[in-house]
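One structure is given here, and the rest of the page talks about it.
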Amino acid sequence: MSNRLPVHFVRRLAGCLVLVVVAGCRAPEPPPPADEIVARAVDAMTGLPGFAFSIDRSGGPAYIDVDETVSFSRAEGTYVAPDSAAAAVRVVLPGIVAEISVIAIGDRYWETHPLTRAWVEVPSDQAFNPAALFDAARGLPAILLDDLHSVALAEADRPFELEEVPGVEFYLVVADLDTTDLYPLTFGLIGPEVARVQLLVEPGSFLLHRLTITEPAAAPDQEPSVWQVDFWDFGETVVISPP
């Protein structure tokens, strides 16, 4: 019996190998335009029932009181669509770092006293309300659509990656942000000057993993304020109840 393979089989095998080589050498798909990436990231965010978030501030102080004695440091919590959030907020007082727990459900808002830890209900428009920050109609999703200017993809001499998400190369979108709408939402913490923003968006899912907002320094002897907002646990929800 001959060990020679049939000619038609050899030709078919060669054709398959050519297809494999061509597919392996094909250039990667070019990224969408930067404004389309932002729009699709907003669609992905507003389509989620919930997610976890953290907000870290570094650089110049961000005071949450008129006497400038209490400064925002960090917040971490959970958002549940359409209007609920629970978070732990770290603040810096003279000589002490304290933590405030906050709960927002619709138009109602509660927070704990930084020293006694007792819960108190306050008007939702008189405090930093994370639920309002992520509101689809007037929060970050709407702001990213309406208030970004000079939107562009950053040129990459190396992949944009996050240590928390190994193996994923993100789109990096950069833009200028008019903070007029963000200023009241953050209870005056961010804005009102134009800020620089960066968005790390996951290809395919278009989920926004990190938003960085850099404000100009308030004075020559101060550092810029940098706000890093991270997102994870996409689609997950928890039960948020009044305290």
Side-chain angles (χ1 to χ4, degrees), residues 31-57 59 62 64 72 75 77-85 87 104 106-107 109 123-155 160 170-218 224-232 234-235:
D35 55 353
E36 181 181 334
I37 293 175
V38 173
R40 295 179 71 172
V42 169
D43 283 343
M45 174 177 282
T46 56
L48 293 170
F51 49 78
F53 67 89
S54 65
I55 305 171
D56 277 289
R57 186 206 58 78
I64 62 177
F72 179 98
T78 302
Y79 170 77
V80 177
D83 57 9
S84 298
D107 294 330
Y109 175 88
S124 60
D125 61 351
Q126 295 183 16
F128 173 56
N129 184 344
L133 183 62
F134 302 122
D135 180 84
R138 62 189 182 98
L140 275 178
I143 288 169
L144 292 176
L145 286 180
D146 299 335
D147 297 341
L148 293 186
H149 307 283
S150 304
V151 183
L153 270 172
E155 296 184 8
F160 299 110
F170 291 88
Y171 298 134
L172 175 59
V173 177
V174 295
D176 292 325
L177 171 65
D178 179 350
T179 61
T180 302
D181 296 323
L182 187 60
Y183 184 71
L185 277 179
T186 59
F187 200 53
L189 292 176
I190 302 177
E193 296 82 6
V194 173
R196 191 66 175 164
V197 299
Q198 296 182 343
L199 299 87
L200 281 175
V201 180
E202 183 178 352
S205 68
F206 288 90
L207 290 170
L208 175 61
H209 284 252
R210 175 170 293 171
L211 170 67
T212 305
I213 302 172
T214 303
E215 298 183 273
S225 283
V226 180
W227 300 82
Q228 179 178 296
V229 188
D230 286 334
F231 303 94
W232 67 97
F234 300 103

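Just so you know, residue 1 is the first one in the sequence shown, and it goes up from there.
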Discussion item. So which atom in Ala136 and which in Thr46 form the shortest heavy-atom distance, rounded to 0.1 Å?
Written reply: CB-CG2, 3.9 Å
Practice prompt. Please determine if Arg57 forms a cation-pi arrangement with Phe72, meaning its NZ or CZ atom is less than 6.0 Å from the six-membered ring centre and no more than 45° off the ring axis.
Written response: no
Worksheet item: Any donor and acceptor pair, going by atom type alone, linking the side chain of Thr179 with main-chain N or O of Glu193 inside 3.5 Å?
Response: yes
Fill in: Any donor-acceptor pair under 3.5 Å from Arg196 side chain to Gln198 backbone
no
Fill in: Which residues share a side-chain hydrogen bond (donor to acceptor under 3.5 Å, both in side chains) with Asp107, sequence neighbours left out
none
Worksheet item: Can the ring centroids of Tyr79 and Phe53 be said to lie less than 6.0 angstrom from one another?
Response: no
Worksheet item: Ring centroid separation for Phe51 and Phe231, is it under 6.0 angstrom?
Response: yes
Practice prompt. Supply the atom-to-atom distance Leu208 CG to Phe170 CZ, rounded to the nearest 0.5 angstrom.
Written response: 9.5 Å
Worksheet entry | Shortest non-hydrogen contact between Asp35 and Val151, atoms and distance | N-CG1, 4.1 Å
Worksheet entry | Centroid separation Phe160 to His209 less than 6.0 Å | no
Discussion item. Testing Leu172, Leu144, Val229, Val174 one by one against Leu199 for a side chain to side chain contact (heavy atoms under 4.5 Å, CB included), which residue passes?
Written reply: Leu144
Discussion item. Measuring only between side-chain heavy atoms, which start at C-beta, is Val201 closer than 4.5 Å to Leu207?
Written reply: no
Worksheet, complete the sentence: Between Ala195 and Ile213, the two heavy atoms sitting closest are CB-CG2, 3.7 Å
Discussion item. Between Ile55 and Trp227, is there a side-chain heavy-atom distance shorter than 4.5 Å?
Written reply: yes
